[in-house]
2 protein chains.
Amino acid sequence: MGKRGRSLEKSARIRTLADLAKIAGVNTATVSRALADSPLVKTDTKARIQALAQEHGFRPNQMAKRLRTQRTGVVGIVVPLGHEKRQHLSDPFFMTMLGYLADALTENGYDIMLSRVIPDTDDWLEAIIGSGMLDGVLLIGQSDQFEAIERVAAHYRPLVAWGSHWPEQRHCSVGTDNFAGGQMAGQCLVAGGARRIAFLGEVRTPEIGQRYAGLCAALQAEGLAAPRQFDVHLASDVMEQEISAHIAEVGDAIDGVFAASDVIAMTALRVLADRGVVVPDRIRVIGYDDIPLAAQTVPRLTTIRQDVATGAKAMVDALFARIAGEDAASVQMNPVLVRRDSA
Amino acid sequence: MGKRGRSLEKSARIRTLADLAKIAGVNTATVSRALADSPLVKTDTKARIQALAQEHGFRPNQMAKRLRTQRTGVVGIVVPLGHEKRQHLSDPFFMTMLGYLADALTENGYDIMLSRVIPDTDDWLEAIIGSGMLDGVLLIGQSDQFEAIERVAAHYRPLVAWGSHWPEQRHCSVGTDNFAGGQMAGQCLVAGGARRIAFLGEVRTPEIGQRYAGLCAALQAEGLAAPRQFDVHLASDVMEQEISAHIAEVGDAIDGVFAASDVIAMTALRVLADRGVVVPDRIRVIGYDDIPLAAQTVPRLTTIRQDVATGAKAMVDALFARIAGEDAASVQMNPVLVRRDSA
DNA sequence: GCCTTTTGTGCAAACGATTGCAATATAGCT
DNA sequence: AGCTATATTGCAATCGTTTGCACAAAAGGC
């Protein structure tokens, strides 16, 4: 006839080290060490405490642990959306990257804190870092925030960004050689017979800007006219209209399209199909990234592959090195042309 | 002699409330209240302290704050991958969902902790919850972990899952009526003239199982034969081969395909194109989800839309209610048929 | 047996914030 | 001026761990 009816068997829940210490008849210190599997505590005491913990489903409070150890075990993954306010966290390339990063981090016992940031104030990165919650930060893409990243990198080491690398750059970045990638795309289009080429994508961000630069260089090397460049927003609801308008504008004046990403390329493919333009016969199309779905389009998309898996691994390796206080240089990987049916 | 003091502008960094309190000449309590914009502290003191904090770029240590307040301000987003060990966090539907969830949570001042879990031990959810790091948990998909979720939901309230709802279910779920969606898909295929239908997808998870059940019901209502069902793995590198094999196996025996997700449908479209099968004339294809890229396929994919945006909002609303101690019922939304060109 | 080592445990001080309560300064009234 | 009500600020306890150090018990050496 106890008043508290529901706590039948299990007496008060074990929530803290102290609780557990009490029922184990030892000090919290011992419990703490036992759970950490410290060699300091006697083997049977350890076993007994661990069993007790298991039985009561006890898990130490992470907040307290982190406060005490000054190690959070959390790394932040941040997607800066500076140039693309309406974009949702949905670009398949970034998402695949996120998946691999998540894998690598979880494997190493780190938790992930995800932020999708629209850099409105200029201290967005400082805010994330200064919260004291993070052992390190991974940026997926530099967006148009190169300056902000540089500034922070000057005094904050455990920071690695996916993206471009510039000669004078201070922050650690991992990425493919976008200039080379752009060149390859250009050469591929030209080799297929294309002469008048359009580039679909905003060139304001370093990554895409370099791809565009590579394309220009390739065309120039062949003695061809500079490409026409069109801005394209990544928000899915406007992209198709924009591309459609651009294609309509250039009409027959082009015979090749280099899209800044596969999603853009796929949309372009769709728009061209609508207009009855046969790809690649009439217009050749090449994308960038090689997202999984790129192999499933009709026609299959020719594209420049960025190897996400090794890229993610490189990012995490670099980050761990920097967390450990070592130094880690930027890495620039080589993109590879994946020749399929669209160019 | 002047005392050592404020003249050293660049002196020791301000890291703690105490540091700031010292240079402000007040107690930590006042600083704490000032930064929290408490009405208890005098307006000018407040302003002075805030200015000082700003100037030194001071941000309070979150770990300490959370330990003290017992509120973490973090919600966990967990993607259970029970039935699909090789899947990376990459299904566009889940990713779009993640984006919307991230938006809604960040808007409300919550941080996100992302876990991609392969439920190897059966207390994976307990482990996540018991860490004391999370104010609440959002599950993106139930996978085949219905039992585990139910078990935890019995004693842990702030938990909301995307997925199916069963009559006897205890945990709060938000999702579309998958049975109805399956029915709609079936009816659409039949209305277009299809008679022998294949279902592409594993029926082990409740969500997809219900879609399949809906399809069966629709066919039965029309007096048609039961559909053929094929397992398909979500890992992108094997999916195409699997589907290809399945299509080859049934050969001319089918004239309609209902894919459990748009990604599967897109791959099916590709496979059919390879075989020279004209969609929808020879085989009609319908997908599920309506991911952004579904509108960009050739031919454009007919599909059953799940409204991610309102779904995510509903999940977050329910979670907040539950965090606040209120009760929130499961919600089941109506899927809608998006008729495009593939069926 | 006495004096070192070696093992195990316990004590208590951090970690850096928040907050109930006490204390003081200021204002408001006769 | 005297006294109360109110606006500010300070004190100190607390959140739940970890860990340096002291300490006790057992073991080893002579």
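What's counted below: heavy atoms across the whole structure, side chains too, no hydrogens, waters or symmetry copies. In this text the structure is predicted, and so the values were computed from the model without any measurement.
A nucleotide of DNA chain D counts as in contact with chain A when one of its atoms lies under 4.0 Å from a heavy atom; the first and last such, 5' to 3', are D/dG16 to D/dG20.
A salt bridge does not link B/Arg59 with A/Glu126: every distance from a Lys NZ or Arg NE/NH1/NH2 to an Asp or Glu carboxylate oxygen is 4.0 Å or more. Using a 4.0 Å cut-off between charged side-chain N and carboxylate O, A/Arg13 and A/Asp19 make no salt bridge. Under the 4.0 Å criterion applied to side-chain N and carboxylate O atoms, A/Asp44 and A/Arg48 are not assigned as salt-bridge partners.
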Pair B/Val75, B/Met113 - check side-chain contact (heavy atoms from CB on, under 4.5 Å), show working. CA-CA 6 Å; B/Val75 341; B/Met113 185 133 140; over 6 Å; no
Test side-chain contact (heavy atoms from CB on, under 4.5 Å) applied to A/Leu125 and A/Tyr156, step by step: CA-CA 11 Å; A/Leu125 231 195; A/Tyr156 183 76; over 6 Å; no
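At a non-hydrogen distance threshold of 4.0 Å, A/Leu17, A/Ala29, A/Ser32, A/Arg33 from residues 17-38 of chain A come into contact with DNA chain D. Scanning residues 57-73 of chain B for heavy-atom distances under 4.0 Å to DNA chain D yields B/Leu67, B/Arg68, B/Gln70.
Of the possible polar contacts, none joining the B/Gln142 side chain to the B/Ala161 backbone as a donor-acceptor pair under 3.5 Å is found. A distance-only check finds a donor-acceptor pair linking the side chain of B/Thr69 to the backbone of B/Lys65 [under 3.5 Å]. In this structure, the side chain of A/Arg322 engages the main chain of A/Arg157 through a donor-acceptor pair within 3.5 Å. The backbone N or O of B/Thr72 lies less than 3.5 Å from a partner atom in the side chain of B/Asp135, making a donor-acceptor pair. Looking only at distances, a side-chain donor or acceptor of A/Gln50 sits under 3.5 Å from a matching main-chain atom of A/Ala34. At distances below 3.5 Å, at least one donor-acceptor pair connects side-chain atoms of B/Lys46 with backbone N or O atoms of B/Ser38. In this structure a side-chain-to-backbone donor-acceptor pair under 3.5 Å is present from B/Ser173 to B/Ser164.
Across B/Leu138, B/Leu134, B/Leu139, B/Val78, a single residue satisfies side-chain contact (heavy atoms from CB on, under 4.5 Å) together with B/Leu159, and that is B/Leu139.
Remark on the helix from C/dG1-D/dC30 to C/dT30-D/dA1: inter-end axis angle 40°, axes from five-pair C1' superpositions, rounded to 10°.
Note: B/Phe146 and B/Trp166 have perpendicular aromatic rings, judged against thresholds of 30 and 60 degrees for the angle between ring planes.
Here C/dG16 presents its C1' atom at 14 Å from CD1 of B/Ile14, a figure rounded to the nearest Å.
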Could you list, one pair per line, each protein nitrogen or oxygen that sits under 3.5 Å from a nitrogen or oxygen of nucleotides 26-28 of chain C, together with the distance?
none

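Contacts classified as ring-ring contact (aromatic ring centres under 6.0 Å, His included) and involving residues 105-124 of chain A (residues at least two apart or in different chains) are given here: A/Tyr110-A/Phe320.
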